[in-house]
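In what follows, chains are A, B, ... by sequence order, proteins preceding strands, each numbered from 1.
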2 protein chains.
Amino acid sequence: MRVSLLLMDLRTLRYFVAVAEELHFGRAAVRLHMTQPPLSRAIQQLETDLGCTLLHRSPSGVALTTAGAALYDEARTLLAQAEHVRTRVTAVAGAATLTVGTLADSAEQAGTRLAAAYRQRHPTARVRIREADFTDPTAGLRTGLVDVALTRAPFDTTGITIRVLRSDPVGVVLRADDPLADRESLRLDELADRRWFQLPEGTDPAWRAYWSGPPAAAERGDGPVVRTVHECLQSILWDGTVGLTSLAHALPEGLTSVALTDKPSSDLVIAWNSTDTSPLIRSFVHVATAVYGAARKTT
Amino acid sequence: MRVSLLLMDLRTLRYFVAVAEELHFGRAAVRLHMTQPPLSRAIQQLETDLGCTLLHRSPSGVALTTAGAALYDEARTLLAQAEHVRTRVTAVAGAATLTVGTLADSAEQAGTRLAAAYRQRHPTARVRIREADFTDPTAGLRTGLVDVALTRAPFDTTGITIRVLRSDPVGVVLRADDPLADRESLRLDELADRRWFQLPEGTDPAWRAYWSGPPAAAERGDGPVVRTVHECLQSILWDGTVGLTSLAHALPEGLTSVALTDKPSSDLVIAWNSTDTSPLIRSFVHVATAVYGAARKTT
DNA sequence: AGCAACGATACCCGCACGGTATCGGGGCGG
DNA sequence: CCGCCCCGATACCGTGCGGGTATCGTTGCT
């Protein structure tokens with residue numbers, strides 16, 4: 001029968017406060033980052049809920065009724081107290097620390113937006129960043145060095161839960177004066193005879209296989225073993241090695257990237273230990289999926 | 001991008017308070033008139049929102065963390081203050097009066113449930129009931145005697161907005177010793193030669209036509225003119241007249257009703273002047289549609 | 001070991017919230 | 001005086017979330 005009917009929640013009160021201060025639905029809607037019609041409706045519902053008129057409407061504007069003025073005062077203090085509750089509780093919870101592992105430049109610019117958004121929501125939490133090199137695609141998740149990792153698939157996910165944040169096409173990085181540097185796109189096997197990066201032995205096999213160039217080159221194993229982005233770029237510049245990269249990156253002078261037609265895209269993922277259900281991690285994942293688009297959960 | 005993410009609304013806090021007091025998700029869910037799974041989820045979301053664990057879960061029960069205990073105190077006071085806001089604002093609005101018109105027994109038992117639910121939501125509002133007779137299907141809406149009417153369609157709805165609350169089959173009322181009283185169902189024309197009630201001249205034509213029996217009888221106009229339920233019943237008992245009624249009613253001793261196969265159902269409606277948008281009326285309509293099932297709006 | 005209790009998870013559905021498009025009506029200028 | 005404009009209200013639509021049912025995993029007790 002649905003008789004709850006309690007519409008006076010904090011969201012609606014925030015709406016009303018905005019309208020009461022702007023005395024104009026359109027401007028209030030802008031301030032609330034929404035459009036005018038649902039705001040009008042929300043205020044109407046609030047009025048029917050309380051059973052009294054809060055605003056005098058006229059085509060030239062809006063004025064508060066006495067009840068509206070009363071609600072404005074009450075609502076402001078209530079909202080302030082609600083914020084107070086947040087800070088109080090998180091203060092009692094103490095300064096928790098969340099350690100985020102990133103794989104080289106996986107996070108790039110969005111990572112800073114992510115950290116900013118997260119710090120805004122959890123001002124008391126400490127966020128430590130630990131940047132990993134190519135020896136560990138989990139960036140320290142398994143060893144417990146970090147709580148959550150921004151990294152790139154694929155790697156062994158037993159015991160680890162990941163969420164795909166984005167899927168980037170992958171290309172090959174060449175010196176700008178390479179004969180193939182001007183091509184629109186390439187196939188992997190066109191570069192099978194080049195020297196390709198190798199990842200260090202002992203790293204995750206799936207991950208090593210994905211990033212180590214074409215199978216033939218990986219088999220030969222005549223390329224340099226790289227651990228950092230810097231090593232990759234230097235070796236390309238110095239001895240003409242080639243290597244894979246996500247095409248979203250900016251490259252230094254003297255290097256270009258060419259799209260590959262036969263290499264599956266690389267997933268930027270956020271990962272955490274499946275057994276670790278701390279709210280800070282949940283919240284971080286939540287913010288991350290919000291900052292990037294929608295995402296699907298796996299493993 | 002959806003970055004609002006402010007889950008700490010009053011509803012969620014009510015949930016948490018219930019769990020904190022019961023220390024048991026199942027019992028808390030019962031108290032909240034819901035089931036356990038969405039409650040678990042809501043608390044989880046609250047924890048990720050605040051970024052700290054509020055409850056220690058174990059298969060044998062639940063315990064508050066220090067943060068949980070803090071939130072419990074804060075939340076209780078905040079909820080109390082929220083209720084305070086309600087009462088404060090409605091008090092400032094003053095004791096408004098809502099006059100409800102009912103058409104004879106249209107409201108019947110559900111009417112009392114409606115009034116109870118409405119009084120519970122608006123303790124300060126005065127509700128006056130004005131019972132109308134059959135001379136006015138709007139029960140005083142047009143003349144401004146009432147703000148809102150519980151009545152029966154059809155009638156002229158220009159300038160009036162109605163919502164159908166329910167649709168009742170209509171039957172004919174007979175003396176229990178009438179030769180046709182034992183029939184399972186009847187057609188209207190089987191009773192065309194009887195004397196039928198007539199409604200007073202000058203009432204709404206559509207309404208008069210609907211309730212005045214078969215066209216032939218209405219044409220003859222040889223039945224008594226009735227204004228009240230009492231008059232109807234008395235005239236059936238005394239001189240064998242017959243009349244229409246919604247089959248939902250209980251009838252006094254000595255009378256029975258028989259279903260009619262060729263009479264369209266009668267709509268129980270709630271009606272108000274279209275120009276009258278007072279929140280009290282909106283709220284009353286809202287409660288009414290909740291008390292009866294879902295409903296559709298017309299005119 | 002088996003069972004019972006309890007919270008968590010998976011999955012589904014209806015609705016409410018927020019969006020776009022449009023209306024109505026009062027004020028003001030040409 | 002008519003037409004345009006401003007502003008709030010309404011209509012309608014799509015989607016995400018809050019609720020539901022069914023089931024699982026774990027733990028403790030018998």
Does atom CZ (B:Arg128) have a neighbourhood of more than 12 heavy atoms from anything else shown, all under 6.0 Å? no

Taking for each residue the nucleotide of DNA chain D bearing the nearest heavy atom, is the 5' side occupied by B:Thr35 or by B:Arg282? B:Arg282

Length of the line joining A:Arg11:CZ and D:dG18:C1', which is rounded to integer Å: 13 Å

What contact category does A:Gln44 fall into here, base, sugar-phosphate, or nothing, at under 4.0 angstrom with non-hydrogen atoms? sugar-phosphate

Roughly, in whole Å, what's the span from CG in B:Leu39 to C1' in D:dG19? 12 Å

Do B:His56 and B:Thr65 meet the criterion of a side-chain donor-acceptor pair at a distance under 3.5 Å? no

Mind checking B:Arg27 for me? I need base, sugar-phosphate or nothing, with any heavy atom below 4.0 Å counting as a touch. nothing

Any A:Arg57 side-chain nitrogen or oxygen under 4.0 Å from OP1 or OP2 of D:dC6: no

Determine whether the side chains of A:Ser40 and A:Gln44 contain a donor N or O and an acceptor N or O closer than 3.5 Å. no

Identify which nucleotide among D:dG20, C:dA8, C:dC17 has an atom closest to any side-chain atom of B:Phe25, counting heavy atoms from C-beta outward. C:dA8

Check every atom of C:dC6, D:dG19, D:dG8 against the side chain of A:Gln36 and return the nucleotide holding the closest atom. D:dG8

Between C1' on C:dC17 and CD1 on A:Ile43, what's the gap in Å once rounded to a whole number? 14 Å

Less than 3.5 Å apart, any donor N or O on the side chain of A:Thr161 or A:Ser274 sitting next to an acceptor on the other? yes

Are any of B:Arg41's side-chain N or O atoms less than 4.0 Å away from OP1 or OP2 of C:dT9? no

Please give, in whole Å, the distance from C:dA16 C1' to A:Leu46 CG? 16 Å

Spacing of B:His56 atom NE2 relative to C:dG7 atom P, expressed in whole Å: 15 Å

Quickly work out the A:Glu22 CD to D:dC7 P distance and round it to whole Å. 12 Å

Select one nucleotide: of D:dA9, D:dG20, C:dG7, the one nearest the side-chain heavy atoms of B:His24. C:dG7

Check every atom of D:dA9, D:dT10, C:dG7 against the side chain of B:Val62 and return the nucleotide holding the closest atom. C:dG7

Among A:His286, A:His122, A:Arg86, exactly one meets side chain to side chain donor-acceptor pair (under 3.5 Å) together with B:Asp49. Which residue is that? A:Arg86

Is B:Ser40 near enough to C:dA8 that one of its side-chain N or O atoms lies under 4.0 angstrom from OP1 or OP2? yes

Rounded to the nearest angstrom, tell me the gap between atom CG in A:Asp49 and atom P in C:dC17. 11 Å

Nucleotide D:dG8, atom C1' - distance to CG of A:Leu55 in whole Å: 11 Å

